[in-house]
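Note sheet for the following structure.
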Amino acid sequence: LLGAQAVPRSATGAAAVAPLPKGPRAMVLGDWYRVVNVSSPAVSPDGKRVAMTVTRAVESENRRHSEVWVVNTAGGEPQRWTAPSTESSTPRWSPDGKYLFFASTRAGGRGNTWAIRLDMPSGEAVQVPEYPTGSMPTDGSFAVFTDAAVPAPQVPSADPFNTMPAMARPPFDAITRPAAAARFDGRHVVDMNYKNNGTGFVPGRRVPRTWRPQQLFRQSVGDTSKKQITSTAYSHRGAVVSPDGKWVAFIADARLRSDSVADLERDSLARLPYDKVRDEAERNDADIYVIDANGGTPRKVIDWMGAESALTWSPDGKSLAFIGRPVRTKSARIYTVSVAGGAPRNLLGDWQYEPSDMDWLSTGAIQFTADIGGRSALLRADLTGKTAPKELVGGRRQLRGASYDAAGKIVAYTATSMTKPTELFVANADGTGERQLTSFNKDVNADVVWSDADRFTYKSVGNMEIEGWLMKPYGYEAGKKYPMVIYIHGGPHSAYGEGWFDEFQNLAAQGMFVLFTNPRGSSGYGADFTYSTRGRWGMEDYDDLMKAVDIVAARPDVDSTRMGATGGSYGGFMTTWMATKTTRFKAIQTDRTITDWTYWYGASDAQGLTEFEFYGKPWDNQALYDTLSPIRYVNKVKTPMLIVQSEEDHRTPMGSAEIWFMSLKKQGVPVELVRYPRSNHDLSRTGEPWLLVDRLGRLRQWFSHWLIGKN
Ligand SMILES: CSCC[C@H](NC=O)C(=O)N[C@@H](CC(C)C)C(=O)N[C@@H](Cc1ccccc1)C(=O)O
């Protein structure tokens, strides 16, 4: 195996990269570095080109690198448009076609918006302060955007603690102080949100709590001055300008209460003990308003119970569309409403699935992408709401990021399937005439035989239908028996699906079947399915997983005496939970695990999740937190376990892994704990490449050792 440690270092300090054998062959770890990812497609207003972010791993430097590339919709070779020496991503075209904007942190600039000039190509990226970023009317003459109107409060320069590390400074309102500022470099915490999985530890406030409500601003193209058009104590969100430029629609507090009042009410409600009636009651936290694009008094368009997002104008400026969710446990719908007011129209009726995004095209059509179980599709809504949406582009694959030209004739999107890493595609907006525009993964696809998976559905407890997949091992031969590993996803409200996935390919390449399912609680099947596990984690969803194991174990080509299980986060909880309930598996790997829900409640940054899912805080419902904690039954575990944990994971912190390791060790159950430095909850997705690949290698080795008998 080509693991990170095996990579020799050259005299310059950069690691030399060993060549890989030509294929066709099974995936080796080094292939992970060769897979290119395409994201954020953006069609030019004239429909002639598509810009995209292209991300690769730079193996020798243990990092990823992103560039903006452009390809003609008519076909041809994609071209790199940004410098290889800088990081660039998320392109978007100016409506007049003069600039291609993108995000980049380059030296000597203000902010991270840069542009390439299309009218006067200069070869250099420039910043264009006279070109505003925000929502624009059809003529592209100005933009409206939101920003705070008051500056963030500054700590006085004479503050005696300014020279201390940010986390060491005594936060505002703290009672204790360092004995000597120069001698304390610990972390002093008084606020609840003092750590975050992505950003790490978050320094406390050094000034009193203040609110900076988001105001509406407008800026004309060609002018650097920004005009503030509102001055309120409440925030304006999701602001969009009408096509004729006369109005701005936005989302704000349903009673236009100040941000401070709304926040303080939310904070005090959160401190109350769980109350079923209060917590289940319908709430109206936000509504839709319109205001003159030069300012004035806003008018409420609808008084609608629930949460609104993705506000969009109709091309004729007479209506608005939004994605609305009446209550957290009900499916999101697309609604339209007259700007004059009236009852919103539900365009999706009781269609099972939920929209991910939405566009109201200049042709008048409303199109959106949606997860349909484990696949995803591009659909068109029926504007009358009488019939189910029409699928335009679909199949057994996952589509993301639909982007259209100004005329609404062309759509570009990324797509991946089980054996095809992501590439860029274009089609007519009605879904006809699809063409693949990039082949960044051509070489790796030619060398590596990616394993395919058969999709199946099965009935589980309560007659619920569950979707699952069984991926064949590399080199599968009929008549032989192979070991099997079940993968369990987290969330629990996320889903596996019809896309290329490094983790599945990694184990299939090692000669194992890979089983994966979307048990109840998964997203992609409608909110009833998603929230059917509320208060019942590890109960029927466990049955759903074990039923899939039963089905697969009965196959003549699966060796039911050589089965393993693996999963991360909620899937990590589920694998430790399984270890307490069954000895069917010969080996388990648990990743970013949770073994004690009360400990997790106090240590995780994901505050609020279990208050909702477990009907209260631990002291409101201690029995449930205890009953669902695998550590209570750890004396039953007999299965060898590999524990993988990131040292800087604030989502599922280390304590769960540590107590699990120690408990298995004390009972003589084979166990290994691998702790990854400089890594958070997302090690397996966005972690340092060498560490990410090291983890993949350890999964291969663990299951090969216990299920195949070789390492
Ligand atoms: C503010 S609540 C957020 C909960 C969040 N949901 C998103 O998935 C989450 O982090 N869930 C954890 C479990 C929880 C800490 C009990 C989880 O299982 N995360 C999964 C799901 C995931 C999949 C893909 C991308 C992000 C998350 C995981 O980390 O694999």
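Indexing begins at 1, ligand by ligand and atom by atom, following the structure's order.
- Distances from atom 15 (C) of ligand 1 to the heavy atoms of W600, Y601, Y570 put W600 nearest.
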Chi angles and distances behind the side-chain contact (heavy atoms from CB on, under 4.5 Å) call for R455, W469 | CA-CA 4 Å; R455 175 185 176 274; W469 294 263; 3.7 Å; yes
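- Of all the heavy atoms of R685, the ones lying under 4.0 Å from any atom of ligand 1 belong exclusively to the side chain.
- Only the side chain of H681 comes within 4.0 Å of ligand 1, counting heavy atoms alone; its backbone N, CA, C and O stay farther away.
- Here I594 has side-chain heavy atoms under 4.0 Å from ligand 1, and that is the only part of it that gets that close.
- At the top of the distance list for atom 10 (O) of ligand 1, counting protein heavy atoms only, stands R651 NH1, 2.9 Å.
- Taking the six-membered ring for Trp and the full ring otherwise, the centers of W351 and Y353 sit less than 6.0 Å from each other.
- Regarding atom 8 (O) of ligand 1, its nearest protein heavy-atom neighbour is G491 CA, 3.5 Å.
- Among all non-hydrogen protein atoms, the one lying nearest atom 4 (C) of ligand 1 is L609 CD2, 4.0 Å.
- Atom CZ of R325 sits in a crowded spot, with more than 12 heavy atoms from other residues, nucleotides or ligands closer than 6.0 Å.
- Nearest heavy atoms, G491 versus Y570: N-CB, 3.7 Å.
- In summary, the atoms of ligand 1 found under 4.0 Å from a heavy atom of G490, numbered by their order in the structure, are 18 (O), 20 (C), 21 (C).
- The N/O atoms of W537, backbone and side chain alike, include none that comes under 3.5 Å of an N/O atom in ligand 1.
- Under the 3.5 Å distance criterion, with hydrogens and angles disregarded, a donor-acceptor pair is assigned to the side chains of S522 and H489.
- Donor-acceptor pairing under 3.5 Å is lacking for the side chains of D605 and N193.
- Judged purely by distance below 3.5 Å, without hydrogens or angles, the side chains of S235 and D259 pair a donor atom with an acceptor atom.
- Note: an N/O pair closer than 3.5 Å links R592 and ligand 1 by distance alone.
- The protein non-hydrogen atom at the shortest distance from atom 12 (C) of ligand 1 is S569 OG, 3.0 Å.
- Taking the ring centroids of Y531 and H493, they lie under the 6.0 Å cut-off.
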